[in-house]
Amino acid sequence: FDEATQEFRWTPSVTGSFQVTFAGTDESNQTQETVRITVVDTVPPGLEVTEPSSGIEISYLSIAVSGTVSDAAGMTSVNVNGNDAPIQADGSFQITLTFQTNGQKIIEVIATDVNNNQTKHPIILSIVPNVDKVEPQTGTIGTEVTVKGSGFNAGETVAVDFGATAGAAIVQSASDGTFSATFQATKQPQGNVLIKATGQTSNTFATNETFIIDTISELVSVQVDGSPATLGKTIVVTLEAEPKGDARFSIEGISSAVDLSMKENPEVSRVYTGSYTAKEGDNVRDATLKVNFTDALGNKASRTAEQRV
């Protein structure tokens, strides 16, 4: 009791209905009065959402929502977009939401305690399409290419463009918004090829430029040693080109020196050597020596040596 303010002050520690008796004594007598006070809980529960963060972009239709709740009086429920999330003994919760379409999504987490106090936590995120994988990442015209993606509407038609070729593949996405398309690489300029996947219902798309079309086989140099050659002497041909290819050379005017194999040096990548030993009857002057090369991707190239034989 505060004599200055003539007030009784009491801080309840629990909720409920309480009978309170006030008694006072003055100079003449003692009086008392009994009243009933109801204490209600107006403190909302504590709520922390750990996943996902607001403002993020994802490329999948299902997402786990997790966090923790706490309240001195006790919890009743955690509701996530209309779905009840189980609350564990330590106050943690987790639930997986699955959407049918991409785009901006609003997730609302509502925690309710036993006294119907609520705490709300909104999350705004975006589901966007993505080209996840292109295999292989290098090839020539006719190479079989597989493109995989995610983040599209469930069950929508996805058109895949390969460079200048529109609709190289048309497939349907799965119920989780993923797709896989396989097609043959069409004629494109040398270098990176833009791959574009477009959802025909959502009108959303994703691109990828990891595929490199290789239509050129690089021949760096051709070196000829041992010319002029006499009977029994050997001419050595050295080629610098792409590794793991097939190299062959021919000498103009010599029937036994046609399409001769060259071997790549096992210790020095990109260097190929071949040789020809002059035989009786070989009689050429200033003949051209030509190298034909096929790289590991099947691209072909040829080059004539500057030195004459």
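As the structure is a prediction and not an experimental result, all values here were calculated from the model.
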| field | Among V237, D225, V224, the one residue meeting side chain to side chain contact (heavy atoms under 4.5 Å, CB included) with Q307 | value | V224
| note | Of L47, D84, T68, the one forming a side chain to side chain contact (heavy atoms under 4.5 Å, CB included) with F93 is L47
Could you check whether [Y] and [X], counting side-chain N and O atoms only, form a donor-acceptor pair closer than 3.5 Å?
X    : Y    : result
T288 : E252 : yes
T277 : T234 : yes
R308 : S227 : no
S175 : Q100 : no
T96  : S62  : no
N130 : Y60  : no
T112 : T76  : no
T204 : N102 : yes
T210 : N208 : yes
T146 : T182 : yes

Whether over 12 other heavy atoms sit under 6.0 Å from [X] [atom1]:
X    : atom1 : result
E306 : CD    : no
K279 : NZ    : yes
Q6   : CD    : yes
E7   : CD    : yes
K105 : NZ    : yes
N283 : CG    : no
F205 : CZ    : no

| request: Test ring-ring contact (aromatic ring centres under 6.0 Å, His included) on F211 and F162 and set out the steps. | output: CA-CA 10 Å; F211 187 86; F162 182 75; 5.4 Å; yes
Roughly how far, to the nearest 0.5 Å, is the [atom2] atom of [Y] from the [atom1] atom of [X]?
X    : Y    : atom1 : atom2 : result
I235 : L289 : CD1   : CG    : 7.5 Å
F152 : T201 : CZ    : OG1   : 11.0 Å
N83  : S77  : CG    : OG    : 12.0 Å
N153 : N203 : CG    : CG    : 10.5 Å
M75  : N117 : CE    : CG    : 10.0 Å
I123 : H121 : CD1   : NE2   : 4.5 Å

[X] and [Y]: which non-hydrogen atoms are nearest, and at how many Å?
X    : Y    : value
T198 : Q200 : O-NE2, 3.0 Å
L125 : P52  : CD2-CG, 3.8 Å
P136 : E144 : CD-O, 3.3 Å

| Is any side-chain heavy atom of L239 closer than 4.5 Å to a side-chain heavy atom of M262? | yes
Transitively linked via ILVMFWY side-chain contacts under 4.5 Å: [X] with [Y]?
X    : Y    : result
L61  : L97  : yes
V43  : V39  : no
F183 : V131 : yes

| For S150, which of T178, D176, D132 qualifies under side-chain hydrogen bond (donor to acceptor under 3.5 Å, both in side chains)? | D132
| task | Show your working on side chain to side chain donor-acceptor pair (under 3.5 Å) between E209 and T207 and close with a plain yes or no. | result | CA-CA 7 Å; E209 286 187 294; T207 60; over 6 Å; no
| task | May I have the step-by-step check of side chain to side chain donor-acceptor pair (under 3.5 Å) for E33 and T21, ending in yes or no? | result | CA-CA 6 Å; E33 183 177 351; T21 299; over 6 Å; no
